[in-house]
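Step one of this worksheet: look at the structure below.
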Amino acid sequence: MLEKNFDPKTAEQRLYAMWEGSGAFAPSADPAAEPFSIVIPPPNVTGSLHIGHALNNTLQDVLTRFERMRGKAALWLPGTDHAGIATQMVVERQLAAAGNIGRRDMGRDEFIAKVWEWKAESGGTITNQLRRLGASCDWSRERFTLDEGLSAAVRKVFVTLHKQGLIYRDKRLVNWDPHFQTAISDIEVEQKEVDGAFYHFAYPLEDGSGEIVVATTRPETMLGDTAVAVHPSDERYKGLIGRAVRLPIVNRPVPIIADEYADPEKGSGAVKITPAHDFNDYQVGKRNNLPMINIFTDDAKINENAPAEYQGLDRFAARKKVVAAFEELGLLREIEKTRHAVPHGDRSGVVIEPYLTDQWYVDAKVLAQPAIKAVEEGRTVFEPRHWEKTYFEWMRNIEPWCISRQLWWGHRIPAWYGPDGKIFVAETEEGAKALAREHYGHDEPLRQDDDVLDTWFSSGLWPFSTMGWPEKTSDLERFYPTSTLITGFDIIFFWVARMMMMGIHFMGEVPFDRVFINALVRDAEGKKMSKSKGNVMDPLELVDDYGADALRFTLTAMSGQARDIKLSRQRIEGYRNFGTKLWNAARFAQVNGCARAEGFDPANVKGVLNRWIVGETVRTAHSITKALEGCSFDGAANGLYRFIWNTFCDWYVELSKPLLNGADEALKAETQATAAWALDVILKLLHPVMPFLTEELWAQTADLGAPRGEGMLITARWPQLSDTLIDPDADAEIGLIVAAVSEGRSVKAELNVPHSARPALLVVDATDAQRTVFQTNAAVIAQTLRVAEVSFVEQAPQGAIPFVVNGATLALPVAEFIDLAAERARLAKEITGHASDIAHVMKKLGNPAFVANAKEEVVEENRERLAESEAAKAKLEHALSLLEAVV
RNA sequence: GGACGUGUAGCUCAGCGGGAGAGCACCUCGUUGACAUCGAGGGGGUCACAGGUUCAAUCCCUGUCACGUCCA
């Protein structure tokens, strides 16, 4: 017999090993099977599973298991990302903590060797954690962005784009991260509101005839000023254009120029221009051919282009010193407190410097065009659709993508420099040498570019590089484009957009048919989980405490679109209980001899209760299938919850008890067979969300009755049931019983009828059809409603409590327990309810426009409702008058 | 400043043109041979606000307010 509870601790590991060992995770080799593929958003190789991963991967697993059971060749392709900056940062920190020398002292080769060591040590952590979650990835196809195959793909893409002129080297302002001392891309910059100040500085005119006041939040950059700009139409400054100020401290004359960038409304209307350290000023500088003076070193200290006493100062120290100097010179006019946006590195957290350097760029503007078109034409569809707007917004305003990073951990840029700086781009050093020989006419020593590529460059190739591109593999042939991508909105720019551009450019086809954007998981208070806030929930801990299925069900049920998920332990506990509920329903079935019958056909079921549960099961199978097809994961989970708990356990199991203990052997046997059938369907429908518990139940009920002939549940056939199995008569009949029992319970509870009392249920007034239902189901009703019997009377006896169900008047003779006041209150409440309903519907039906314009069935429905309510109200009023008469 | 999203029961969220729903929390009752990780019953909402479209609006449109996120 089944134990009282499912024990995830012992079962999960065993079941996962069984699945993996059986090869169930690999896509079907059947060439007739329709392919279905998902590539995993590769987690950082050295990372560990956080709750966002748990959500994202649960949803991918739900879809993969669903499609696998539907008979598709389902591939969920796993892998990890080398995550350039993030990993290098972690390893550097580790080395420092262990008292090692820094990476610069260590040297490139030795440092990279250390990172690989680290990867070997901790690289398996996250994939093992995915296994604990139940992820049915095909591990035989696992990839890593820095493995040889993917690196070859990266080199090929770089060389190809370079040849096509879509990758180029350029000197321009970049976002410079002084902590990591590397360039980063625009989207790696986070604008943060911070408290700061506008410092109003007076710059004396060179001829000593006056001064011009400029304001800045970054005083130290004045050391690199090369102009003061005013608006060309600003009357105040017309006469000054073309003249010069003498830059204090630096003592350098700089011109006063006219440029529309200066906003007459802001401050004094004049603005200092530092072309080498501000994106706007850079544009002004280019327009006006201003010199660009870089005043910083790579780690944001003042360099040799500034006066000696500033050199070597940190940028923030320099700021103070500059302000102090202005004050001393009597040129500090005002310090105005303000809050303003300051760029920060998303990884380092330090203030980003606009910095003039040589970097490699991708011409994203060109690549974006077909990627925009693909979504416009619906070749790739976002789900929910509104994320397409976010995608378009960014893609239509895309800037050149800076792809070089001054890091060591990553794909080294396949570019070599000759002695004269001439660049040779090739997939191999030999290739570059050949190009150089051709160019110089002889061999020259070449030096490879020191930089590596942005991590997202290689992840951008993920949907095809993982399948073996540039080789023409059978996987590419079969599984590209992938079916669905499931990811978070935070990487639409970083990742989804890049995959769209690269996929279309190199494969000629979009990388995925559908992109499902999942919600962001937050803590119970709605705060973003972060280590610094200390509110992170460790999914592994939750798996330990409640089992993987409970966590998976919770995340699935809460994955409603366009919303944050506020996760609480209470919720997970509730869904753990749900699993226990199903487990015990199966245990009940087993105890009562429910077993699969040889040749059982739900179409041939005779008993009304059985016909009803067959129909309900069919409806559920349809709605769950539809929900999963449409990525309505929460809808699927909630539908399963309702059906299993409220329909199957609360009603079918309860109503089946008299049949299973009854004398009608044929009906008993049919009920046993039907229950077993329904449970098998339930296990299948629930399996994608709760794979462990369902697989375990499947295994433990394998010997009950006829063999299934379907092997493990993970590869069992998804239920395909015909609508013809739904029987409206059975629905009506069971509907009446359910309503009668519910209402009867309500009456008993509200009137405080003692639990031990067993009155009769009196059928006072009902149609012939209804009488038949009460008659044939008397035993069921008696047990479920806990009444002595069901009997038929002409008139309710004195003091019996009447209630109306589906137009029929029933009564409970519980006079001895009656609290008159309570009963009066109950009746009055019911009558009021009906009265307001009647008023509402009458108003509607009294409106000629409604009758004329509304759909016929809506009008009819309202007429019926009115008749029903009026009849019920009349009966209850009659009962109330009898009650008053007693008094 | 721009874009997007969200405002429904105490909390978390479904629903989305024709009778306001679930889970949790709360209150009352219950040791019924599957399950106390349970069962039965109950209270609780001018569906943010104001206009409009419609026979009919929580749902569609416009505006306002509040909150959130992203981009400047």
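All figures in this text were calculated on a predicted structure; none of them were measured in a lab. Each chain gets a letter, A, B and so on, in the order its sequence line appears, and its residues count up from 1.
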Inset, instruction - Look at the side chain of D650(A) and decide which nucleotide, out of U12(B), A34(B), A40(B), has an atom nearest to it. - result: A40(B)

Legend entry - Distance between C1' atoms of A57(B) and G42(B) (Å, rounded): 31 Å

Inset, instruction - Could you provide the dot-bracket string of RNA chain B, using ( ) for intrastrand pairs, [ ] for crossing pairs and | for bases paired to another strand, with Watson-Crick or G-U pairs below 3.5 Å? - result: (((((((..((((....[..)))).(((((.......))))).....(((((..]....)))))))))))).

Inset, instruction - Give a yes or no on whether the backbone of D544(A) and the side-chain of K9(A) come within a donor-acceptor separation of less than 3.5 Å. - result: yes

Legend entry - Whole-Å C1' distance, A48(B) and C38(B): 39 Å

Legend entry - Within residues 826-841 of chain A: residues closer than 4.0 Å to RNA chain B (heavy atoms): K829(A), D837(A)

Inset, instruction - With the side chain of K4(A) defined as its heavy atoms from C-beta on, choose the nearest nucleotide among G5(B), C38(B), C35(B). - result: C35(B)

Legend entry - Length of the CZ-C1' vector between F553(A) and G23(B), whole Å: 11 Å

Inset, instruction - Taking atom types as modelled, find out whether Y652(A) and N610(A) have a side-chain donor-acceptor pair closer than 3.5 angstrom. - result: yes

Inset, instruction - Using heavy atoms to find the nearest nucleotide of RNA chain B for Q191(A) and R745(A) separately, return the residue whose nucleotide is more 5′. - result: R745(A)

What N/O pairs connect the protein and nucleotides 53-55 of chain B at under 3.5 Å? Give each pair on its own line.
unit_1	atom_1	unit_2	atom_2	d
C55(B)	O4'	N853(A)	ND2	3.4
C55(B)	O2'	N847(A)	ND2	2.6

Inset, instruction - Quick one: label T390(A) by what it contacts on the DNA or RNA (base, sugar-phosphate, nothing), any heavy atom closer than 4.0 Å. - result: nothing

Legend entry - Distance, C1' atom - from G18(B) to C60(B), rounded to whole angstrom: 14 Å

Inset, instruction - Answer yes or no for R396(A) and F392(A): cation-pi contact, defined as NZ/CZ to six-membered ring centre under 6.0 Å and angle to ring axis within 45°. - result: yes

Legend entry - Test item: M842(A) and E870(A) side chains (from C-beta on) under 4.5 Å apart, heavy atoms: yes

Inset, instruction - Take the protein atom NZ of K192(A) and the nucleotide atom P of C71(B), then report the distance between them rounded to whole Å. - result: 13 Å

Legend entry - K748(A) side-chain N/O to G42(B) phosphate OP1/OP2 under 4.0 Å: no

Inset, instruction - Looking at every strand, decide which applies to R571(A) at a 4.0 Å heavy-atom threshold: base, sugar-phosphate, or nothing. - result: base

Legend entry - Whole-Å distance separating the NZ atom of K844(A) from the P atom of A57(B): 9 Å

Inset, instruction - For C71(B) versus A22(B), give the span between their C1' atoms, rounded off to a whole number of Å. - result: 37 Å

Inset, instruction - Could you check which residues of residues 578-591 of chain A get a heavy atom under 4.0 Å from RNA chain B? Sort them by number, please. - result: T580(A), K581(A), N584(A), A585(A), R587(A), F588(A)

Inset, instruction - Report the distance from atom CZ of F382(A) to atom P of C4(B), rounded to the nearest whole Å. - result: 16 Å

Legend entry - Distance-only polar pair, side chains of T625(A) and E629(A), donor-acceptor under 3.5 Å: no

Inset, instruction - Using the C1' atoms only, state how far G10(B) lies from C27(B), rounded to an integer number of Å. - result: 14 Å

Inset, instruction - Could you give me the CA-CA distance, side-chain angles and deciding distance for E860(A) and K855(A), then say whether salt bridge (charged side-chain N to carboxylate O under 4.0 Å, His left out) is met? - result: CA-CA 9 Å; E860(A) 190 50 37; K855(A) 276 180 285 189; over 6 Å; no

Inset, instruction - Would you state whether a donor and an acceptor, one from the side chain of E654(A) and one from the base of A34(B), lie under 3.5 Å apart? - result: yes

Legend entry - CG on L609(A) to CG on N777(A), rounded to 0.5 Å: 8.5 Å

Legend entry - For atom CG of L751(A) and atom C1' of G42(B), their distance in whole Å: 13 Å

Inset, instruction - Would you mind reporting whether V342(A) and T217(A) have side-chain heavy atoms less than 4.5 Å apart? - result: no

Inset, instruction - Provide the distance between the two C1' atoms, one in U53(B) and one in U62(B), to the nearest whole Å. - result: 10 Å

Inset, instruction - Round to the nearest Å and state the distance from Q783(A) atom CD to G33(B) atom C1'. - result: 11 Å

Inset, instruction - Determine, stepwise, if the pair R826(A) / E823(A) fulfils salt bridge (charged side-chain N to carboxylate O under 4.0 Å, His left out). - result: CA-CA 5 Å; R826(A) 188 189 70 85; E823(A) 169 60 358; 3.0 Å; yes

Legend entry - Pairs flagged by salt bridge (charged side-chain N to carboxylate O under 4.0 Å, His left out) wherever residues 568-595 of chain A is involved - sequence neighbours left out: E541(A)-R569(A), D545(A)-R569(A)

Inset, instruction - Could you check whether N397(A) gets within reach of a base, just the sugar-phosphate, or nothing at all, counting any heavy atom under 4.0 Å? - result: nothing

Inset, instruction - Find the distance N646(A):CG to C35(B):P and express it as a whole number of Å. - result: 19 Å

Inset, instruction - Please indicate whether E190(A) has more than 12 foreign heavy atoms, meaning atoms of other residues, nucleotides or ligands, lying under 6.0 Å from its CD. - result: yes

Legend entry - Presence of W651(A) side-chain N/O under 4.0 Å of G39(B) phosphate oxygens OP1/OP2: no

Legend entry - Nearest-nucleotide 5' precedence on RNA chain B, Y641(A) against E393(A): E393(A)

Legend entry - C47(B) to A9(B) separation - P atoms, rounded to the nearest Å: 10 Å

Legend entry - Rounded C1' spacing from U6(B) to C59(B) in Å: 15 Å

Inset, instruction - Taking only Lys NZ, Arg NE, NH1 and NH2, and the carboxylate oxygens of Asp or Glu, determine whether K657(A) and E654(A) approach each other closer than 4.0 Å. - result: yes

Inset, instruction - Please confirm whether the backbone N or O of N806(A) pairs with a side-chain atom of E868(A), one donor and one acceptor, at under 3.5 Å? - result: no

Inset, instruction - Tell me whether the OP1 or OP2 atom of G19(B) has a side-chain N or O from R865(A) closer than 4.0 Å. - result: yes

Legend entry - Residue N646(A) excluded, over 12 heavy atoms near CG under 6.0 Å: yes

Legend entry - Side chain of W645(A) (C-beta onward), nearest among G42(B), A34(B), C38(B): C38(B)

Legend entry - Donor-acceptor pair between N577(A) and T580(A) side chains, under 3.5 angstrom: no

Legend entry - Inter- and intrachain pairs under side-chain hydrogen bond (donor to acceptor under 3.5 Å, both in side chains), touching residues 829-850 of chain A, at least two apart: D837(A)-R865(A), D837(A)-S869(A)

Inset, instruction - Grab the NE2-C1' distance between H340(A) and A72(B) for me, whole Å please. - result: 16 Å

